[in-house]
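This report concerns only the one structure given below.
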Amino acid sequence: QAIVRQQRNCAYLDQQRLFSRARLALEAKLRQAIDSNELTLYVQPQFSLTIPSRLVGAEVLVRWITRDGQFISPAHFIPIAEQTGLIVRLDHWVCEHSVAMLAKYQSLLPEDFRLSVNFSAVSISRGLCEKLILDSIKRWRVPPRNLCIEITESAIMNSLVATRQSIARLRQQGFDIAIDDFGTGYSSMAYLKNLAVTHLKIDQIFTAGLENGMSDQQIVKAIAMVGKSFGHHILIEGVEQAKQATLATQLGCQFVQGFHFAKPMAWIDFVRQYLGEGHL
Ligand code: C2E
Ligand code: CA
Ligand code: CA
Ligand code: CA
């Protein structure tokens, strides 16, 4: 029995080793990818639910297409970047290129357009996010009110004090700030009163359940009600069906993002589709 257990242990360790070797290889590849522009930025449009089809903004989502044409999902490489510290360089790259794009297309964008950029927990809690974004907007001469900084709820909860102060300073500078994946990070709504955020993004797990019964509807309704009472804007994510959009509107959501309206797309397609003549 002991031998069987030992063998199992060995197999487990082998697997672990293999796993961390694969991770190391991917980390090295990612490091190179950041330097050699294998990353590109996609954008997913965001719309008003109360004024149908009105474009209010877009979220920047990073894409990694390797030189041999392989597509690696951010859901896969962002966690690895977070574990290895590479995320700081990735956040830097994303921030600089997002602001550059905003500058490039500013004359075509609606005046109140907001470009949302994701920042990782590490960058936020160490105050790097402030440095990066202030630096970029100065270089590209973009006003902060055209930018929204997305921070996940779990990142905020992980280091509440540092993050709260950082959020307050960013808000003072004039940036909008969204709590991302709201409803999944086990925060108490009581924390909301101490956070200078402007937007709550309701996580897509609640959207997926909207049609199946009352409980997700109750959650969305409660988040929208409390959020709005604090003066926050409410955006619902992951809307894939017209029915979900109708329900979300009835439950008090004001903005929407999801495949039913538009998928993430290359900047050039976004400009053609939404900012071309006829949309101005
Ligand atoms: P997120 O910030 O919650 O981004 C939303 C994710 O939902 C995106 O996945 C988007 O493509 C997907 N999505 C949008 N609409 C729908 C829909 O209707 N249905 C479904 N099923 N999915 C939808 P993506 O692009 O794969 O990104 C995954 C995660 O990776 C993001 O989640 C974010 O946490 C992270 N990420 C992506 N880009 C960046 C970045 O530039 N910087 C950082 N730090 N993290 C990023
Ligand atoms: Ca996000
Ligand atoms: Ca989200
Ligand atoms: Ca997410």
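Basis for what follows: all heavy atoms, side chains included, without hydrogens, waters or symmetry-related copies. Atoms within each ligand, like the ligands themselves, are counted from 1 in listed order. The residues of the chain are indexed from 1 along the displayed sequence.
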Notebook entry, point to check: What residues form a ring-ring contact (aromatic ring centres under 6.0 Å, His included) with Trp64, not counting sequence neighbours?
Noted result: Phe77
Next item on the list: Would you check if the Ca ion (ligand 2) lies under 3.0 Å from any N, O or S atom of Asn118?
Entry: yes
Next item on the list: Using distance alone, decide if ligand 1 has a nitrogen or oxygen within less than 3.5 Å of any nitrogen or oxygen in Asp91.
Entry: yes
Checklist line | Closest Glu150 atom to the Ca ion (ligand 2) [N, O or S only] | finding: OE1
Margin query: Within the supplied structure, the quantity of interest is the number of heavy atoms (other residues, nucleotides, ligands) at a distance under 6.0 Å from Trp93 CH2; does it exceed 12?
Written below: yes
Item checked: For the Ca ion (ligand 2), the closest N/O/S atom belonging to Asp180 -> OD2
Next item on the list: Look at Asp181 and state whether any of its N, O or S atoms is less than 3.0 Å from the Ca ion (ligand 3).
Entry: yes
Notebook entry, point to check: Under a heavy-atom criterion of less than 4.0 Å, does Arg63 contact ligand 1?
Noted result: yes
Check: Out of the N/O/S atoms in Glu59, what is the name of the one closest to the Ca ion (ligand 2)?
Finding: OE2
Note to self: Is the ring pair Phe270/Trp267 parallel, tilted or perpendicular, if the boundaries are 30 and 60 degrees?
What the structure shows: perpendicular
Notebook entry, point to check: For Phe259, is at least one N or O under 3.5 Å away from an N or O on ligand 1?
Noted result: yes
Margin query: Restricting to N/O/S atoms, is Glu237 within less than 3.0 Å of the Ca ion (ligand 3) or not?
Written below: yes
Identify every side-chain donor-acceptor pair in residues 252-261 under 3.5 Å, counting partners at least two apart or on other chains, and give the distances.
from	atom 1	to	atom 2	distance (Å)
Gln254	OE1	Ile234	N	2.6
Gln257	OE1	Gln46	NE2	2.9
Gln257	OE1	Lys201	NZ	3.0
Gln257	NE2	Gln44	OE1	2.8
Gln257	NE2	Glu59	OE1	2.7

